[in-house]
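Just so it is clear, the values below take in all heavy atoms, side chains as well, and ignore hydrogens, waters and symmetry mates.
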Amino acid sequence: MSNKQGKTLALVPAGGSGVRMGAEKRKQYLPVQGVPILVRTLRALQEAGAIDEIYLAVPAEDIPPVRNLLTDDYAIAKLSLILEGGAHRQDSVWNGLKAARREHEVVLIHDAVRPFASPDLICRVAEAARAGQAALAAVPVKDTIKAEDGGGALFTLAREGLWIAQTPQAFPWEMIWKGHEQARQKGLHATDDAALVEAMGIPVRIVPGSYDNIKITTPEDILYGEFLLAVRPVNP
């Protein structure tokens, strides 16, 4: 493990309600081939050599059952803190950053419902941040993309240069702290952390990701996840 000032922290915001999933429980706790999505995600981070510690942010009421789940049934050795998340993803990440303070050189942020990120991809994104850059996993857009002009008419965007942003995303600690701090001061809300760094005028490096690194959001995503596990050993 790295020395204290050189640690890489993986921060997992897991407060999603799963409305689009239509399930009674939060989507991160739903099973894929019998194992909760959240557990598969944490296992991928556990197996990534670049990760020293994992912080998990969940709704306050979920902390006791999640702690039991990850202690009794699915132990994750690198998981050192389960903390209370916020009303929104950005709030959960902020709570995690406050808990981390300056103990870590790099913070890697990964969606709780992206269980198929490979340990290799996680390490490549983390290493880019260790070199002082903001970095995110992304894949090129394959489909034709249409945009609406506000009056009901569509126009086509050129696919060249368009990427689908994924997680993990990783940043030097000071950079992502300032990004969140300034966002809170300005009332800026974004759907990913890279956007907060972009708002400071800092470029974000693309690390080629994988089309298998899906975010499980709908019942169809569960089925695709089952397929991935059936045809190839993604994550145990």
Looking only at heavy atoms, what is the nearest atom pair of Gly49 and Cys123, with distance? N-SG, 3.5 Å
Taking NZ, NE, NH1 and NH2 as the nitrogens, is one of them in Lys7 or Glu105 under 4.0 Å from a carboxylate oxygen of the other? no
Out of curiosity, Arg184 CZ to Gln182 CD, how far, rounded to the nearest 0.5 Å? 13.5 Å
Roughly how far, to the nearest 0.5 Å, is the OG atom of Ser118 from the CG atom of Leu121? 5.0 Å
Please confirm whether the backbone N or O of Ser210 pairs with a side-chain atom of Asn213, one donor and one acceptor, at under 3.5 Å? no
Check the pair Leu81, Leu56 against side chain to side chain contact (heavy atoms under 4.5 Å, CB included), reporting the backbone distance first and the verdict last. CA-CA 6 Å; Leu81 180 65; Leu56 174 64; over 6 Å; no
Relative to each other, are the rings of His104 and Tyr55 parallel, tilted or perpendicular (30° and 60° limits)? perpendicular
List the atom of Ala112, the atom of Ala14, and the distance in Å for their closest heavy-atom pair. CB-CB, 3.5 Å
Hey, which of Ile176, Leu9, Ile109 is the one that makes side-chain contact (heavy atoms from CB on, under 4.5 Å) with Leu97? Ile176
Output for pair (Asp91 CG, His180 NE2), nearest 0.5 Å, gives 9.5 Å
I'd like to check Val107 versus Thr8 (side-chain heavy atoms, cut-off strictly below 4.5 Å). Are they in contact? no
Ile122 and Ala117 have their tightest heavy-atom pair at CD1-O, 4.1 Å
Measure from the side-chain N and O atoms of Arg124 to the backbone N and O of Pro208, and report whether any donor-acceptor pair falls under 3.5 Å. yes
Validation row: Arg40, Val32 side chains within 4.5 angstrom (heavy atoms): yes
Could you pull out every donor-acceptor pair under 3.5 Å between side chains of residues 131-146 and any protein atom, sequence neighbours left out?
from, atom 1, to, atom 2, distance (Å)
Gln133, OE1, Arg205, NH1, 3.1
Lys146, NZ, Thr156, OG1, 2.7

For side chain to side chain contact (heavy atoms under 4.5 Å, CB included), just list the numbers for Leu79 and Ile82, CA-CA rounded to whole Å, side-chain angles, deciding distance to a tenth of an Å, and then say yes or no. CA-CA 8 Å; Leu79 179 63; Ile82 301 174; 4.1 Å; yes
Nearest 0.5 Å, please: how far is CD in Gln166 from CG in Asp192? 11.5 Å
What residues form a ring-ring contact (aromatic ring centres under 6.0 Å, His included) with Trp173, not counting sequence neighbours? Trp177
Please tabulate, one pair per line, all N/O donor-acceptor pairs under 3.5 Å involving side-chain atoms of residues 58-70, not counting sequence neighbours.
from, atom 1, to, atom 2, distance (Å)
Glu61, OE2, Arg26, NH2, 2.7
Asp62, OD2, Arg26, NE, 2.8
Asp62, OD2, Tyr29, OH, 2.8
Asn68, ND2, Pro64, O, 3.4

Val197, Ile206: one ILVMFWY side-chain cluster at the under-4.5 Å cut-off? no
Find the distance between CG (Leu11) and CG (Leu108) and round it off to the nearest 0.5 Å. 9.0 Å
Distance-only, no hydrogens or angles: does the Glu226 side chain make a donor-acceptor pair with backbone N or O of Gln33 under 3.5 Å? yes
Which pairs count as salt bridge (Lys or Arg N to Asp or Glu O under 4.0 Å) when at least one residue sits in residues 164-174, sequence neighbours excluded? Arg102-Glu174
Mark yes or no for whether Lys78, through its side chain, and Gln46, through its backbone, hold a donor-acceptor pair below 3.5 Å. yes
For residues Ile216 and Ile222, determine if any side-chain heavy atom of one lies less than 4.5 Å from a side-chain heavy atom of the other. yes
With a 4.5 Å cut-off on side-chain heavy atoms, are Gln90 and Leu196 touching? yes
Nearest heavy-atom approach of Ala128 to Val207 is CB-CG2, 4.4 Å
Nearest 0.5 Å please: distance from the CG atom of Leu228 over to the CG atom of Leu223. 11.0 Å
Tell me if a side-chain donor or acceptor on Ser92 pairs with a main-chain N or O of Ala57 at a distance below 3.5 Å. no
Measure the shortest side-chain to side-chain distance between Arg43 and Val35 over non-hydrogen atoms and say whether it is less than 4.5 angstrom. yes
Would a hydrophobic clustering, with Ile, Leu, Val, Met, Phe, Trp and Tyr connected at side-chain separations under 4.5 Å, put Ile214 with Trp163? no
Once side-chain contact (heavy atoms from CB on, under 4.5 Å) is applied, do any residues pair with Thr167, and if so which ones, sequence neighbours excluded? Arg89, His110, Asp111, Arg114, Gln169
Determine, using the 4.5 Å side-chain heavy-atom cutoff (strictly less than), whether Val106 and Trp94 are members of one ILVMFWY cluster. no
Student check: side-chain heavy atoms of Tyr74 and Leu42 closer than 4.5 Å: no
Val204 and Glu198: CA distance, side-chain angles, deciding distance, side chain to side chain contact (heavy atoms under 4.5 Å, CB included) verdict: CA-CA 7 Å; Val204 179; Glu198 292 164 19; 3.7 Å; yes
Tell me whether Val39 shares a hydrophobic cluster with Ile54, the cluster being built from Ile, Leu, Val, Met, Phe, Trp, Tyr side chains joined at under 4.5 Å. yes
Sequence neighbours excluded, the answer for side-chain contact (heavy atoms from CB on, under 4.5 Å) partners of Ala147 is Phe155, Leu157
Does Val12 belong to the same Ile/Leu/Val/Met/Phe/Trp/Tyr cluster as Val125, with side-chain heavy atoms less than 4.5 Å apart forming each link? yes
